[in-house]
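Down below is the structure, laid out as structure tokens.
Only a predicted model underlies this, so the values are computations on that prediction, with no experimental measurement involved. Scope of the values below: all heavy atoms of this structure, side chains included, with no hydrogens, waters or symmetry mates.
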Amino acid sequence: MNDQNDSYEMGSARFKKYLSEAEIRIITQNLAEQIRKDYQGKTVLLIGVLKGAFVFMADLMRELKMDVEIDFVRLSSYGKGKQSSGTVTLLKDISRDIRGKHVIIVEEIIDSGRSLKFLRDRLIQSEPDSLEIVTLLDKAEKRLVDVPVKYVGRKVEDHFLIGYGLDLEECARNFSDILSLSYPN
């Protein structure tokens with residue numbers, strides 16, 4: 001990333017800073033505070049959606065400062081590139097019984113909502129005491145299916161974003177900032 005103009009080139013695509021590391025930290029702290037208040041005195045089970053949510057989930061769980069358990073799922077709805085295929089595939093399921101648990105699905109970004117609805121419907125069948133969703137970013141204008149999201153860090157416009165767990169063909173997840181595509185390849 002070029003710090004002078006906050007831009008980054010990846011192949012023939014150029015990205016510009018969309019959210020800084022400091023802005024992301026504040027959003028995450030605010031989400032953690034809301035969750036702490038809602039689950040005071042309870043243990044929550046965070047279920048992160050791999051691969052993208054792992055960075056956000058790690059920061060969120062450190063900010064929660066309460067009893068937290070974790071698990072992961074891995075779903076796929078993307079082929080190569082920037083567009084969803086529309087078909088959700090479960091690549092890795094949770095590894096524990098969630099019956100009677102307070103479960104929060106952790107997403108880094110919600111687009112169409114298809115993957116999240118698929119996961120939520122699947123987890124509801126396991127009879128958790130409660131099931132909520134937290135997302136760092138929400139592209140609500142792209143929503144194709146209705147899915148209840150209780151904790152939203154920031155509503156964002158329809159930009160292609162990378163960094164902080166978000167990728168372009170498996171690259172850029174390690175960036176501390178979130179970058180937006182400013183012109184395509």
Query raised in the report: Can you find a pair of side-chain heavy atoms, one from Glu170 and one from Lys51, that are under 4.5 Å apart?
Result: yes
Query raised in the report: Looking at Tyr8 versus Phe175, is the centre-to-centre ring distance below 6.0 Å?
Result: yes
Query - Within-4.5 Å side-chain heavy-atom neighbours: Lys92 and Asp71 - result: yes
**Report entry** Glu69 with Lys101: basic N within carboxylate O range, under 4.0 Å
**Finding:** yes
**Report entry** Cationic N near anionic O, under 4.0 Å, Lys42 to Asp67
**Finding:** no
Report task. Identify the two heavy atoms, one from Thr135 and one from Leu31, that lie closest to each other, and give their separation to 0.1 Å. Result -> O-CD1, 3.9 Å
Query raised in the report: Once you round to the nearest 0.5 Å, how far does OG1 of Thr28 lie from CZ of Arg62?
Result: 10.0 Å
Query - Atom pair CD (Glu33) and CG (Asp38), whose distance is rounded to the nearest 0.5 Å - result: 10.5 Å
**Report entry** Min side-chain heavy-atom separation Leu64-Leu46 under 4.5 Å
**Finding:** yes
Query raised in the report: At their closest point, which heavy atom of Cys171 faces which heavy atom of Met10, and how far apart are they?
Result: CB-CE, 3.3 Å
Query raised in the report: Between Ile178 and Leu166, is any pair of side-chain heavy atoms under 4.5 Å apart?
Result: yes
Report summary line: When every non-hydrogen atom of Met66 is compared with those of Val44, the smallest separation belongs to CE-CG1, 4.1 Å
Query raised in the report: Where do Leu137 and Ile110 land on the side-chain contact (heavy atoms from CB on, under 4.5 Å) test, with the steps shown first?
Result: CA-CA 7 Å; Leu137 305 173; Ile110 303 171; over 6 Å; no
Query raised in the report: Angle class for the Tyr39/His102 ring planes (parallel below 30°, perpendicular above 60°, tilted otherwise)?
Result: perpendicular
Query - Test: Glu23 and Arg154 ion pair at under 4.0 Å - result: no
Query raised in the report: Would Glu63 and Arg25 pass as an ion pair if we require N to O under 4.0 Å?
Result: no
Requested in this report: State whether the side chain of Asp177 and the backbone N or O of Leu179 hold a donor-acceptor pair below 3.5 Å, judged by distance alone.
Outcome: no
Query raised in the report: Any link between Leu75 and Val147 through a network of hydrophobic side chains (Ile, Leu, Val, Met, Phe, Trp, Tyr) touching at under 4.5 Å?
Result: yes
Report task. For residues Phe54 and Val49, determine if any side-chain heavy atom of one lies less than 4.5 Å from a side-chain heavy atom of the other. Result -> no
**Report entry** Rounded distance (nearest 0.5 Å) linking atom CD of Glu21 with atom CD1 of Ile24
**Finding:** 7.5 Å
**Report entry** Val103 side chain reached by Glu132 side chain, heavy atoms, under 4.5 Å
**Finding:** no
Query raised in the report: Out of curiosity, Arg96 CZ to Ile70 CD1, how far, rounded to the nearest 0.5 Å?
Result: 9.0 Å
Query raised in the report: Ion pair present between Asp138 and Arg143, side-chain N to carboxylate O less than 4.0 angstrom?
Result: yes
**Report entry** Stepwise side-chain contact (heavy atoms from CB on, under 4.5 Å) check, Ile27 with Leu19
**Finding:** CA-CA 10 Å; Ile27 293 167; Leu19 284 174; 4.2 Å; yes
Query - Sidechain-backbone polar pair: Ser182 side chain, Arg14 backbone, donor-acceptor under 3.5 Å - result: yes
Report task. Please lay out, stage by stage, how Ile47 and Phe72 fare under the test side-chain contact (heavy atoms from CB on, under 4.5 Å). Result -> CA-CA 5 Å; Ile47 297 181; Phe72 294 93; 6.0 Å; no
Query raised in the report: Do the side chains of Leu45 and Val73 join up, straight or via other hydrophobic residues, at under 4.5 Å, putting them in one cluster?
Result: yes
Query raised in the report: In Å and rounded to the nearest 0.5 Å, what is the CG to CG distance from Leu91 to Leu50?
Result: 10.0 Å
Query raised in the report: Taking side chain as C-beta onward, heavy atoms only, is Tyr164 less than 4.5 Å from Glu108?
Result: no
Report task. Answer yes or no: is there an ion pair linking Asp111 with Lys142, defined by an N-O contact shorter than 4.0 Å? Result -> no
**Report entry** Minimal non-hydrogen separation, Arg120 against Ile105, with atom names
**Finding:** CA-CD1, 4.1 Å
**Report entry** Same cluster (ILVMFWY, side-chain, under 4.5 Å), Leu168 and Leu136
**Finding:** no
Query raised in the report: Got Ile133 and Ile104 here, is their nearest side-chain heavy-atom distance under 4.5 Å?
Result: no
Query raised in the report: Any chain of hydrophobic side-chain contacts (each under 4.5 Å) joining Leu116 to Ile124?
Result: yes
**Report entry** Heavy-atom pair of closest approach, residues Leu123 and Pro128
**Finding:** O-CD, 3.5 Å
Requested in this report: Measure from the side-chain N and O atoms of Gln40 to the backbone N and O of Lys37, and report whether any donor-acceptor pair falls under 3.5 Å.
Outcome: no
Query raised in the report: Is the number of heavy atoms from other residues, nucleotides or ligands under 6.0 Å of Lys150 NZ greater than 12?
Result: yes
**Report entry** Hphob cluster co-occupancy, Leu131 + Leu90, side-chain heavy atoms under 4.5 angstrom
**Finding:** yes
Query raised in the report: Shortest non-hydrogen contact from Lys117 to Asp146?
Result: CD-O, 4.1 Å
**Report entry** side-chain contact (heavy atoms from CB on, under 4.5 Å) evaluation trace for Ile162 with Asp167
**Finding:** CA-CA 5 Å; Ile162 62 170; Asp167 73 301; 5.9 Å; no
Report summary line: So NZ of Lys16 and CG of Leu181: to nearest 0.5 Å the spacing works out to 9.5 Å
